[in-house]
Number of protein chains: 2
Amino acid sequence: MTDLLADRDGWLMTNCSIARTLDVVGNRSTLLLLREASLGTRRFDDFAARVGISEPVAAARLKQLVADGLLERRPYQEPGKRTRDEYVLTDKGAQLVPVLVALRQWGDTWAADDAGPSVRLEHHDCGAEVHAVLRCAGGHDVEPDELDVRPGPGLLRVDSE
Amino acid sequence: MTDLLADRDGWLMTNCSIARTLDVVGNRSTLLLLREASLGTRRFDDFAARVGISEPVAAARLKQLVADGLLERRPYQEPGKRTRDEYVLTDKGAQLVPVLVALRQWGDTWAADDAGPSVRLEHHDCGAEVHAVLRCAGGHDVEPDELDVRPGPGLLRVDSE
DNA sequence: AGGCTGACTTAGGTTAAGCAAAGTCAGCTA
DNA sequence: TAGCTGACTTTGCTTAACCTAAGTCAGCCT
């Protein structure tokens with residue numbers, strides 16, 4: 001899958017983007033809260049109930065998601081009700097949607113109920129089913145075994161030996 | 001982002017494919033082990049060292065990954081060395097690569113070091129950079145805000161009220 | 001046969017993530 | 001102004017995910 005593997009021990013993974021992303025969204029309840037936000041949930045109680053977590057956990061995770069800039073908290077008011085805050089996905093948060101779609105599609109394939117998946121994602125414009133796929137800048141579809149790993153500008157190498 | 005939100009409380013999320021996937025790969029060390037497997041790491045010690053986890057944790061997670069069918073354990077022998085086992089990605093495991101790519105790309109954008117990402121993914125055939133994108137069966141690129149959520153065959157509804 | 005090495009396991013302890021149950025508090029509605 | 005409701009917070013506890021340090025064990029090499 002890579003031809004730089006021979007060199008692999010010369011790399012340091014202290015600047016791994018996967019690890020850094022997991023530092024932000026690396027736990028179950030955080031990702032499920034983002035799932036809910038992407039489905040349109042906005043209110044505190046709904047988040048807790050729909051994700052199936054307790055209120056203290058929901059409060060802590062939502063607070064962290066706001067602090068990390070994935071959700072934005074803003075006041076709103078339903079007619080005849082008092083003002084309150086809602087949580088909505090920021091652009092930064094919305095850019096995690098491909099992660100959610102990829103997770104969903106793996107689960108649909110490998111871990112679905114006998115009845116099949118509970119939800120189907122469609123392209124709003126044409127109604128066709130949506131998938132997460134790998135594609136290169138040259139426009140080709142890329143399979144997992146067609147990836148080459150190259151050093152990037154931020155790659156830290158071991159100080160010789 | 002969805003027009004079924006109005007009905008959202010009529011759904012039960014007990015059959016959510018995202019949650020089911022997270023039941024399998026929902027913790028940091030598991031995903032980082034899969035990162036390593038996708039980069040070509042095969043030996044126990046290398047997994048532990050490159051992910052940065054202790055041996056007991058590496059042993060437990062690798063065992064679970066084999067039990068879940070994401071990694072396959074098979075004997076191999078380097079010339080002049082004794083036989084030992086290596087861990088390689090199964091097809092089931094390789095299908096999580098889009099998740100890893102999507103996580104990496106979010107981290108490259110939102111959490112990278114000043115120097116930039118440590119690794120660049122290229123299409124083996126043409127050398128162009130690879131991304132995880134959303135695409136519909138009609139061939140259109142899909143943005144996160146162009147998704148419609150529809151009930152699937154496995155959707156459980158609340159037993160009325 | 002004896003030692004080395006890679007691949008684990010065992011023991012003991014810490015931190016983070018979770019829960020349930022109960023309390024607080026602000027601001028409409030009546 | 002009193003009460004209700006949504007949105008949290010506080011308390012006290014359990015479980016899961018880690019760690020370090022040390023021990024085990026199989027099999028080629030000499």
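Letters A, B, ... are given to chains in the order of the sequence lines, protein chains preceding strands, and every chain is numbered from 1. In this text the structure is predicted, and so the values were computed from the model without any measurement.
At a threshold of 4.0 Å, the pair A/Arg73-A/Glu86 does not count as salt-bridged, since none of the basic side-chain nitrogens sits closer than that to a carboxylate oxygen. With respect to the salt-bridge test (charged N to carboxylate O, under 4.0 angstrom), the residues A/Arg43 and A/Asp85 do not qualify. Between B/Asp23 and A/Arg28 there is a salt bridge, with a side-chain nitrogen of the basic residue lying less than 4.0 Å from a carboxylate oxygen of the acidic one. A salt bridge does not link A/Arg84 with A/Asp45: none of the charged nitrogens is closer than 4.0 Å to a carboxylate oxygen.
A/Arg43 has its CZ atom 6 Å from the P atom of D/dG6, to the nearest Å. Put simply, CG on A/Leu22 is 11 Å from P on D/dC18, counting in whole angstrom units. Spacing between atom OH of B/Tyr87 and atom P of C/dG6 amounts to 15 Å, rounded to whole angstrom units. In this structure, CD of A/Glu86 is placed 11 Å from P of D/dA7, rounded to the nearest angstrom. Look at CG on B/Leu33: it is 14 Å from P on C/dA7, rounded to the nearest Å. The distance between atom NZ of B/Lys63 and atom C1' of C/dT9, rounded to the nearest whole Å, is 8 Å. What separates CG of B/Leu31 from C1' of D/dA17 is a distance of 14 Å, to the nearest Å. We find that OH of A/Tyr76 is positioned 15 Å from P of C/dG27, with the value rounded to whole Å.
Residue A/Phe44 places its side chain closer to D/dA7 than to any other of D/dA7, C/dG6, C/dT9.
Between A/Arg84 and D/dG6 there is no side-chain polar atom (N or O) within less than 4.0 angstrom of OP1 or OP2.
Listed by chain and number, the residues in a side-chain contact (heavy atoms from CB on, under 4.5 Å) with B/Asp91 are A/Trp110, B/Gln95 (sequence neighbours excluded). With sequence neighbours excluded, no residue forms a side-chain contact (heavy atoms from CB on, under 4.5 Å) with B/Arg82.
If you chain together ILVMFWY residues whose side-chain heavy atoms come under 4.5 Å of each other, B/Val133 ends up grouped with A/Val133.
The stretch residues 126-148 of chain A participates, sequence neighbours left out, in these ring-ring contact (aromatic ring centres under 6.0 Å, His included) pairs: A/His140-B/His123.
B/Gln105 contributes a side-chain N or O that, together with a main-chain N or O of B/Ala132, makes up a donor-acceptor pair within less than 3.5 Å.
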B/S/- along nucleotides 11-24 of chain C (protein heavy atoms under 4.0 Å) is ------SSBBB---

Quick tally for nucleotides 25-30 of chain D: nucleotides whose base has a protein heavy atom under 4.0 Å get B, sugar-phosphate-only ones S, the rest -, giving -BSSS-

